[in-house]
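Here's the structure we're looking at; comments come further down.
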Protein chains: 2
Amino acid sequence: MTRRHEQIAEALRTAIGDGRHPVGSALPSEAELAAAHGVSRGTVRQAVSALEAEGMVGSRQGARRVVLSTSPSQSFAELRSFAQWARGGGHTPGGLVLESAPGRADGEEAALLQLPPGGEVLRVLRLRTLDGEPALLERTVYAGWIAAAVAQLPDDCESVTQELYERTGLVFAHGEHHLDAVAAGTEDSRRLGVRRGSPLLRVRRTTTTPEGRPVETSDDRYRPGSVVFTVRNSTRTNPLVRSALA
Amino acid sequence: MTRRHEQIAEALRTAIGDGRHPVGSALPSEAELAAAHGVSRGTVRQAVSALEAEGMVGSRQGARRVVLSTSPSQSFAELRSFAQWARGGGHTPGGLVLESAPGRADGEEAALLQLPPGGEVLRVLRLRTLDGEPALLERTVYAGWIAAAVAQLPDDCESVTQELYERTGLVFAHGEHHLDAVAAGTEDSRRLGVRRGSPLLRVRRTTTTPEGRPVETSDDRYRPGSVVFTVRNSTRTNPLVRSALA
DNA sequence: AAAGGCGTCTTGTCCATACAGGTAGGGAGT
DNA sequence: ACTCCCTACCTGTATGGACAAGACGCCTTT
């Protein structure tokens with residue numbers, strides 16, 4: 001973290017976090033911050049725009065920036081990796097591969113993974129636990145070009161993300177997540193230890209490399225009461241999209 | 001939209017949308033775009049950073065930017081307003097106030113709305129329909145200072161957001177959304193026309209003014225199969241947060 | 001043919017400056 | 001006491017320049 005604008009952003013985050021800038025109060029002006037940190041106004045703007053994207057501060061032209069929230073957003077790394085996220089929150093993650101089988105992509109999978117129809121894929125069913133309790137069931141489809149590396153992972157691998165990075169240098173950089181609710185099916189109920197028909201939060205996601213190449217697509221089903229997803233947005237940054245179905 | 005950087009961003013969005021820059025292809029370099037539009041590189045960077053925040057392009061230092069998706073993110077306005085969103089997607093929105101009653105904030109509500117404990121609030125139960133079908137049930141709590149304006153709205157008001165803006169100049173600028181799944185309760189099932197225990201997508205949200213003053217907090221329950229929420233993220237912008245419950 | 005090194009291109013970071021547009025508070029006038 | 005206006009301040013937009021860091025293709029070497 002040698003970049004000045006990140007240092008300043010971090011300084012502001014902690015200042016907000018420990019109450020020096022309470023929720024609802026105004027932040028120092030850009031000119032003051034620039035003078036205080038000995039940088040130009042442009043660098044300060046980079047820093048505060050990061051906080052704005054995280055939903056911690058709001059801004060209006062002409063008025064000073066306002067503190068909206070004391071808690072920073074999660075890092076992307078924590079969202080990508082179940083294990084990293086769990087440990088960050090003081091929980092103990094666990095993982096177990098229940099099934100793993102190569103196959104051929106159907107139309108939808110081929111489109112999501114940008115593969116030719118019938119291209120090779122690896123299907124994995126994985127149960128994730130949180131502090132020993134089943135928390136979610138992952139049905140992941142990996143693109144053929146990464147399948148070999150995934151297949152070599154141990155069955156009880158805690159962090160797939162971490163292992164793949166260490167073994168192949170693969171980095172997950174972008175993701176698209178679709179959230180809705182479904183009733184637990186037979187397999188869901190057995191694996192997660194809930195009654196059939198229980199509401200589950202379903203997250204269908206596709207992850208790509210920094211170059212935009214799709215790596216995996218997954219159907220994750222969360223046990224109710226175990227996890228909540230949060231999105232912050234504002235007029236400037238709006239990542240949350242609501243879509244109607246046919 | 002007189003700002004140059006927005007014009008350039010819009011030009012790029014349409015260029016990507018109509019296939020001039022297919023998914024996976026590289027965008028012109030900043031220098032080329034700057035020359036083509038007759039602006040400085042800083043202005044081009046503002047434009048592409050908007051697309052990056054929307055998840056349409058990815059970028060890596062040293063390499064040209066890559067097109068990730070052809071569809072732009074929804075505007076914040078569309079997310080705030082059910083009616084605006086529905087019409088944008090070619091659907092017909094409807095709304096009906098089922099109950100409306102003043103009351104006093106309990107502890108949680110007071111905290112969310114930044115009101116003193118026991119402060120005045122207005123509770124509204126509203127059913128929203130999409131093309132005539134019940135789509136979601138909204139249980140909204142408005143802060144006392146805006147309650148009078150809300151109470152005057154007609155029961156079948158289509159767009160609360162729109163009406164409040166026209167009558168009082170109130171603008172919603174920030175929001176925090178928590179998503180999880182719950183089983184339909186007795187009232188939910190009756191109002192939405194689903195069986196008791198059906199899975200519903202629950203979105204608990206709090207909206208604030210540009211100054212960060214909370215306006216309303218709401219518990220919205222979506223009928224399964226009617227709506228999907230989507231979040232795009234990347235290493236740089238990560239609005240989606242996953243939280244474990246106690 | 002495969003491996004490594006080098007140079008060029010592109011994005012990331014940072015600076016200094018200028019002006020436009022909006023906010024908010026204080027003072028003058030009613 | 002109240003309203004209106006005006007001014008100082010702050011953020012948004014845009015320019016232009018400079019250097020650092022990473023990626024990629026080409027060319028040489030092995």
Side-chain angles (χ1 to χ4, degrees), chain A residues 1-12 21 24-53 56-68 169-171 173-174 209-213 234-237, chain B residues 1-12 21 24-53 56-68 169-171 173-174 209-213 234-237:
Chain A
M1 217 212 300
T2 55
R3 280 96 87 198
R4 302 290 285 120
H5 71 89
E6 276 196 16
Q7 292 176 11
I8 296 168
E10 192 51 36
L12 285 172
H21 301 299
S25 72
L27 232 53
S29 76
E30 294 177 2
E32 287 167 7
L33 289 171
H37 290 89
V39 299
S40 78
R41 208 186 125 208
T43 305
V44 169
R45 283 184 67 79
Q46 276 187 287
V48 292
S49 77
L51 300 207
E52 199 178 336
M56 287 186 78
V57 305
S59 61
R60 292 177 296 158
Q61 185 172 352
R64 277 163 112 113
R65 267 171 249 264
V66 174
V67 178
L68 295 174
L170 181 75
V171 178
H174 308 281
T209 64
E211 304 97 68
R213 193 175 187 192
S234 59
T235 23
R236 329 225 358 134
T237 75
Chain B
M1 217 210 301
T2 56
R3 281 97 85 198
R4 302 290 283 119
H5 71 90
E6 277 197 15
Q7 292 176 9
I8 295 169
E10 192 51 38
L12 286 172
H21 302 300
S25 71
L27 233 53
S29 76
E30 294 178 1
E32 287 168 8
L33 289 172
H37 291 89
V39 298
S40 74
R41 205 185 130 209
T43 306
V44 169
R45 283 183 67 79
Q46 276 187 288
V48 292
S49 77
L51 299 207
E52 199 178 334
M56 288 186 78
V57 305
S59 61
R60 293 176 295 159
Q61 185 171 356
R64 275 160 109 112
R65 267 170 248 265
V66 174
V67 178
L68 294 173
L170 181 74
V171 180
H174 307 283
T209 64
E211 304 98 67
R213 193 174 187 193
S234 60
T235 24
R236 330 233 348 141
T237 74

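So you know, we letter chains A, B, ... as the sequences are listed, proteins then strands, and number each from 1.
Scanning atom types as modelled, no donor and acceptor separated by under 3.5 angstrom connect the side chain of A:Arg60 and the base of C:dG21.
Atom CD in A:Glu52 sits roughly 10 Å away from atom C1' in D:dT11 (whole-Å rounding). Going from atom CZ of A:Arg3 over to atom P of D:dC19 covers 21 Å, rounded to whole Å. Rounded to whole Å, atom P of D:dT15 lies 12 Å from atom NE2 of B:His37. Taking atom CD on A:Glu211 and atom C1' on C:dT10, their separation rounds to 15 Å, with Å as the unit. Distance CZ (A:Arg65) to C1' (D:dC10): 9 Å, rounded to an integer number of Å. Atom CD in B:Gln46 sits roughly 15 Å away from atom C1' in C:dG12 (whole-Å rounding). Regarding A:Arg45, its CZ atom lies at a distance of 7 Å from the P atom of D:dT13, rounded to whole Å. Note: CZ (A:Arg64) to P (D:dC10) measures 5 Å, nearest angstrom.
Residues B:His21 and B:Leu27 form a side-chain contact, since some pair of their non-hydrogen atoms from C-beta on lies under 4.5 Å apart. A heavy-atom distance below 4.5 Å is found between the side chains of A:Glu52 and A:Arg65. Annotation: side chain of B:Leu12 is in contact with side chain of B:Leu33 (closest heavy-atom distance under 4.5 Å).
Within the structure, a side-chain polar atom (N or O) of B:Ser59 is placed less than 4.0 Å from OP1 or OP2 of C:dG12. One finds no side-chain N or O of B:Arg4 lying less than 4.0 angstrom from the OP1 or OP2 phosphate oxygen of D:dA14. In this structure, B:Thr43 does not reach the D:dT13 phosphate: none of its side-chain N or O atoms is under 4.0 Å from OP1 or OP2.
In this structure, A:Arg41 reaches the bases: a heavy-atom distance under 4.0 Å links it to at least one base atom across the strands shown. Using a 4.0 Å heavy-atom criterion, one finds that B:Gln61 contacts the bases of the nucleic acid, with or without backbone contacts as well.
Going from atom CE of B:Met56 over to atom NE2 of A:His174 covers 13.5 Å, rounded to the nearest 0.5 Å. The distance from the CG atom of A:Leu68 to the CZ atom of B:Arg213 is 14.5 Å, given to the nearest 0.5 Å.
Place B:Ala63 and A:Gly42 on DNA chain C by their nearest nucleotides, and B:Ala63 ends up nearer the 5' end.
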